[in-house]
Amino acid sequence: MKKLLFPLTKDVIKKLKPGDQVELWGSMYTLRDKAHQRLAGAIKERRRLPFSLANGAVYYTGPTPALPGWVIGSCGPTTSSRMDLFTVPLLKKGVNVLVGKGNRSALVMDGLKRYKGVYLVTIGGAGAFLAQKVHKAEIAAYPEMGSEAVYRLQVRGFPAVVAIDSRGKSIWS
């Protein structure tokens, strides 16, 4: 298993291959449908973004409220393909790691190749387990969106598998 420390450099990303098992350490942002669309709209309209996307990592999840003593509630991955139409603008702005579940469109695969990013998948149906890998959670943007607000998560040993590498090669092809 490879240990990946955020932010990832292009050299580290370049060495990742489909099927590589990885552990994620550092900061990543949660992003679901509405927040993703809103962020992509801000990029399109050249508005100021609420946080930097440079060398950023995005995790497609909508965490539930934390139980007493927990940092965050269940935070399993959501289906990534719902974000496909809004993903390439984020890659163009510097996001280089996407984490979710399920396959991606040719549009996203081309974007990963063009902007040298990587797509990782994590364990579906294991939100409570994944929540134990989150050591800090704070709202980074759009608090009015509730569970779809953007959170900055600090993760330690968050498990994932490389699904699409920076050359556009996939575990599904």
Side-chain angles (χ1 to χ4, degrees), residues 1-8 21-43 47-91 93-105 108 111-112 117-164:
M1 182 158 312
K2 296 179 181 180
K3 185 175 181 178
L4 301 179
L5 304 173
F6 292 136
L8 296 187
Q21 295 180 21
V22 297
E23 275 186 349
L24 308 177
W25 296 73
S27 180
M28 61 183 177
Y29 293 96
T30 67
L31 211 53
R32 286 203 53 172
D33 310 54
K34 289 181 184 174
H36 205 297
Q37 186 174 3
R38 189 166 171 181
L39 204 52
I43 292 168
R47 286 185 276 132
R48 185 173 178 208
L49 301 179
F51 54 91
S52 174
L53 298 177
N55 296 317
V58 168
Y59 176 35
Y60 301 127
T61 187
T64 63
L67 296 172
W70 286 60
V71 171
I72 194 169
S74 179
C75 59
T78 193
T79 303
S80 304
S81 61
R82 293 199 320 259
M83 272 56 83
D84 282 1
L85 291 177
F86 309 107
T87 300
V88 173
L90 274 65
L91 294 169
K93 284 298 261 184
V95 168
N96 59 15
V97 178
L98 308 169
V99 183
K101 72 175 182 183
N103 203 351
R104 305 304 297 266
S105 68
V108 172
L112 290 167
V118 64
Y119 172 59
L120 312 173
V121 291
T122 191
I123 310 161
F129 168 75
L130 293 170
Q132 295 173 29
K133 303 298 180 180
V134 177
H135 290 264
K136 185 176 180 185
E138 59 189 1
I139 292 181
Y142 313 137
E144 68 280 8
M145 293 179 131
S147 67
E148 292 217 21
V150 178
Y151 287 80
R152 182 180 306 112
L153 305 180
Q154 290 291 327
V155 297
R156 295 181 189 159
F158 193 94
V161 173
V162 175
I164 304 172

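Please read these numbers as outputs of a predicted model, since none were measured by experiment. The residues of the chain are indexed from 1 along the displayed sequence.
A donor-acceptor pair is defined here as one N or O able to donate and one able to accept, closer than 3.5 Å; such a pair exists between the side chain of S80 and the backbone of K101. Under the 3.5 Å distance criterion, the side-chain polar atoms of N55 are left unmatched by any main-chain donor or acceptor of P7. When atom types are taken as modelled, the side chain of S52 and the backbone of A54 share a donor-acceptor pair closer than 3.5 angstrom. Under the 3.5 Å distance criterion, the side-chain polar atoms of T122 are matched with a main-chain donor or acceptor of P159. A donor-acceptor pair is defined here as one N or O able to donate and one able to accept, closer than 3.5 Å; no such pair exists between the side chain of S147 and the backbone of T64. In this structure, the side chain of Y59 engages the main chain of C75 through a donor-acceptor pair within 3.5 Å. No side-chain donor-acceptor contact under 3.5 Å links D33 to the backbone of R82.
Proximity of T78 to T61: side-chain heavy atoms (C-beta onward) are nowhere separated by under 4.5 Å. The shortest distance between side-chain heavy atoms of L4 and V97 does not fall below 4.5 Å. Contact check for L98 versus M83: no side-chain heavy atoms found under the 4.5 Å cut-off. The shortest side-chain heavy-atom distance between R38 and M145 falls under the 4.5 Å cut-off.
For the atom pair L24 CG and Q154 CD, the distance stands at 12.0 Å (nearest 0.5 Å). Within the model, atoms CE of M28 and CZ of F6 stand 6.0 Å from one another, a figure rounded to the nearest 0.5 Å. Distance check, rounded to the nearest 0.5 Å: CD of E148 to CZ of R32 gives 5.0 Å. Atom-to-atom distance recorded for Q132:CD and R156:CZ is 14.0 Å, nearest 0.5 angstrom.
For A57 against S27, the heavy-atom pair with the smallest separation is CB-O, 4.2 Å. Residue G111 comes nearest to L91 through the heavy atom pair C-CD1, 3.7 Å, listed as atom of the first residue, atom of the second, then distance. Of all non-hydrogen atoms in L112 and V118, the two that sit nearest each other are CD2-N, 3.6 Å. Residues W25 and G157 share a closest heavy-atom pair of CE2-N, 3.2 Å. The two residues L153 and A137 have their closest heavy-atom pair at CD2-CB, 3.7 Å. Pairing each heavy atom of S105 with each of D84, the nearest pair is N-OD2, 2.9 Å.
Ring geometry for H36 versus Y60: interplanar angle of 30 to 60°, hence tilted.
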| field | Derivation and outcome, side chain to side chain contact (heavy atoms under 4.5 Å, CB included), residues L39 and Y142 | value | CA-CA 10 Å; L39 204 52; Y142 313 137; 3.5 Å; yes
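Within 6.0 Å of NZ in K2 there are more than 12 heavy atoms belonging to other residues, nucleotides or ligands.
Put simply, the residue from P63, P77, S74 that forms a side-chain contact (heavy atoms from CB on, under 4.5 Å) with L130 is P77.
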